[in-house]
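Note that this is a predicted model, so its numbers are computed, not measured. So you know, we letter chains A, B, ... as the sequences are listed, proteins then strands, and number each from 1.
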Amino acid sequence: MASEKITPPVNFYVLILFGLILLSLQLMSSAMQESSQLSAMYSWLLLFNALGSVVLLILVGANIVSLIQHTKRREAGSRLTTRMVSLFVVLALAPAVIVFYFSMQFLHQGIDSWFNVEIDRALEDALELSQASLDQRTRWHLKQTQQLTGKLEESSDSMVAADIENLRELSGASEMTLFSHQGRIIASSSINPGDILPSLPDEHIWLQLRQNGEYVALTPIHEEELMVRVIVTVKTTETKYLQALYPVPVRIADLADSVEFAFVRYQEMNYLRNSLKLSFSLALSLVLLMSLLAAIWVAFISIRNITAPVKELVKGTKAVALGYYDQDLPVLAQDDLGFLVESFNDMMHRIARARDETRQAGVEVENQRAYLETILANLTAGVISFDAIYKIRTANQAAYRIFHVHVNQFVGQTLIELVQSYAELAEPLKSIQRLLEQADDIWQQRIAFLGPNGRQELLCRGTPLFSQEGLRVGAVVVFDDVTDLIQAQKNAAWGEVARRLAHEIKNPLTPIQLSAERLQHKLADKLELADAVMLQKSTRTIVQQVEAMKEMVDDFSEYAKPSKKQAVVIDLDLLIQEVLALYALKSGVRFIADYGIGSQLIHGDPVSIRQVLHNLIKNALEAIGSNGLIDISLHRVQKNNTDFIEIGLYDDGPGIKEDQIERIFEPYVTTKVKGTGLGLAIVKKIIEEHGGAIWIDTARKVGAGFIIQFPACNAEQL
Amino acid sequence: MRLLKSNKPSYCLLFVALFLLCSSLNTGYGAEFSAEVSQLESVHQGDSYALSAGVIYHLSDKAKRALQNGVPLFWDLHFKIQQHRDLFWNITLLDDVIRYRIQYHALLNMYRVRNETNGEITSFSTLSAALESMSTVTYYPTLKSADINPQNHYICYVKVDFDRDVLPLPLRPIAYVDPQWYLSSDWTLWPLKK
């Protein structure tokens, strides 16, 4: 790896947000302190944290929903993320809940421990003591003021102001005021000369005063000052009221205030006990909730980052399983998973390279195979391969041409099974099967059989195939139809015989004939009649036999010489009509001709073709005698993608013996008493020289039937 | 006297937020314990205008108990006069607040009412007397006659707002969601008598 830099699993902004959450919680915790300046912001901080919790809850909820959907869809890495998140939540939640539970316990017990009955009682007693002290002081001032009223009862109106002043100074009151029964100020004196208006009692005081005749109470004057307000009735002719305000000593007032403050504070705290518990519990719960939610959210982000390479790996593996090797996964981090991803990428590159090489090799092998198949398909020799149990594996096109059976459709079957469908091929197929099973080495054998096109001769060569371990894994049989080749060899041999006969026999025949005629001419007159008759008879015999031999040699010459002398386009149906016209007057013979549809054109020598027709019709006429039927049909057939004009010539004569069928087209093979046996040999020779074929229709059971095929004349030859 | 009650939403965002959070707890919405402006009158005296208002405070049991246990309670009495405009926002000519504080003194067994605006302190032996002292505002001076155009239309607003933000901290979360702590009134509108 080029770089070893380790990146944190969460990004910078998440850390900032997490810090803000912690700061907010800290501020709220600080605001919980009554003395803190943040206490005024407590509500906003509480709201902010509550909203933060809601936002985090939504984020976590969205992540959970997304994770559930991914898990349901079986997306890559979702199950790993679920496991990791579940583990994290359990690990984080369990201790947090335990700490929360005990914190709540400690919190509640701690708050409860602040309060007890003794302190409550002590504070109440202290307050009561303060009240009693002040009450005693007020009663004393009441009594003091009541005593002062005696002096005022005797005071005249003109002296009342001075008396009030004196009494105030005497009693130590801070202010003394005399009111009339209606509440009008009669006289007033204050320790502070600047106070023009005395402190006036309110309506409640007046009401109480009129009911009870006196009033005494502690009155807060300013924020922290206490005064004892005493109002008593002055019994004169007209009822008057004397109000005296006595200051409470500062020390006593402070002590009382301190006791009251402590009592009120304790009372307030006691009252707020449950609210305090609730408030602290709420804050603690909020802290726990936010912390957990933030942790879970960050855990989601972190785990997503951690599992991202795993997801990519799973995706990559799936793609590889589907055959897509061109994977280049992003390396998200330079850690162990990053190294794993890099290794995966490297492995994929190697596999892709190997795949390309294999594919290339496969293409080459396929090309080679196609090339071999092309060669095999275009071989004139049939090739059939077999497996170890002699079932057909492959067969080329030539096998079809030779057997006229789509052998490659019988892959997986034995030749014996093929025989069941094609009985006419039973002989060669059984022979080949037998040789395959018996031979342990290369074998070669010529197999002759009577196929649909007449007698066929195959030259078969079999080669057993062995594995490297020496086990027999199959065999291959190569066979070729050598019928034409052998026939050509025979024809060549007979042609050579004919030429030699013509040369070696025909040449001496003329001198023999001339010598015989000369003997006849010279000796006829010189011999006795009987001798002359015998001479003449012998000479005639010699001449006749010489003529016969000449005729025979001529036939041989005819057989030996090439027939396709002048090739032109021949309309076979016209030619057949012309030939049949010569035999139309033959009594007792009925001709049936079917010329097919359209012109049947071939390319050849019309004289030779006419000779073929003459020979065959003559043979048929000789076979059927004076009465019979000769059926000639003419139509176009297609064979191996080549058009042929097929002539079928049938008679209802005695037919051809089976033992002669195979050799009927060879020279000197005849069923007639007279004849050289060269007729059908010449016919076959002419037909083959025109690229055609002739065979006996063995399927016909009545009379004899010949089938002749000539290559049809194509457009280029017209 | 005809009083117009406005149903404007509270301006307290905090309350709104917590109201949304705790709507299930806040179904009563404090109607039972909210203060009520019972009287509002504008008076033209000489070259100035004055407002007189009467307020009825309904203290819930929780509020009374808190007060008895030494928790001070604060109300703000808002006065506002706006010039009404048809096409634009109203123009605010006056926006005054009188802040009252009421606290129980255990030593003297009295309720002390302090007008935080002018510092005046009054003590009362009963809660009703203390609340009564806060309930009446008489001839509160508002605007000069010169500030009023007789051609325009002016509206007086009065509202009593209980300040929950100065309650002790532990009480505040409860006060935001408990209808017993909704002790404020709605705005009461009254046309300025010219």
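Contact of A/Leu276 with chain B is made through backbone and side chain together, with heavy-atom distances under 4.5 Å. Contact of A/Leu218 with chain B is made through backbone and side chain together, with heavy-atom distances under 4.5 Å. In this structure, the portions of B/Leu107 lying under 4.5 Å from any heavy atom of chain A include both its backbone and its side chain.
Electrostatic pairing of B/Arg99 and B/Asp76 counts as a salt bridge here, judged by a charged N lying under 4.0 Å from a carboxylate O. A salt bridge does not link A/Arg121 with A/Glu118: none of the charged nitrogens is closer than 4.0 Å to a carboxylate oxygen.
Note on A/Ala283, A/Ser275, A/Ser279: by heavy-atom pairs under 4.5 Å with chain B, the leading option is A/Ser275.
Applying the 6.0 Å contact sphere to CZ of A/Phe261 captures no more than 12 heavy atoms from other residues, nucleotides or ligands.
In this structure, a donor-acceptor pair under 3.5 Å is absent between the side chains of B/Tyr100 and B/Ser133.
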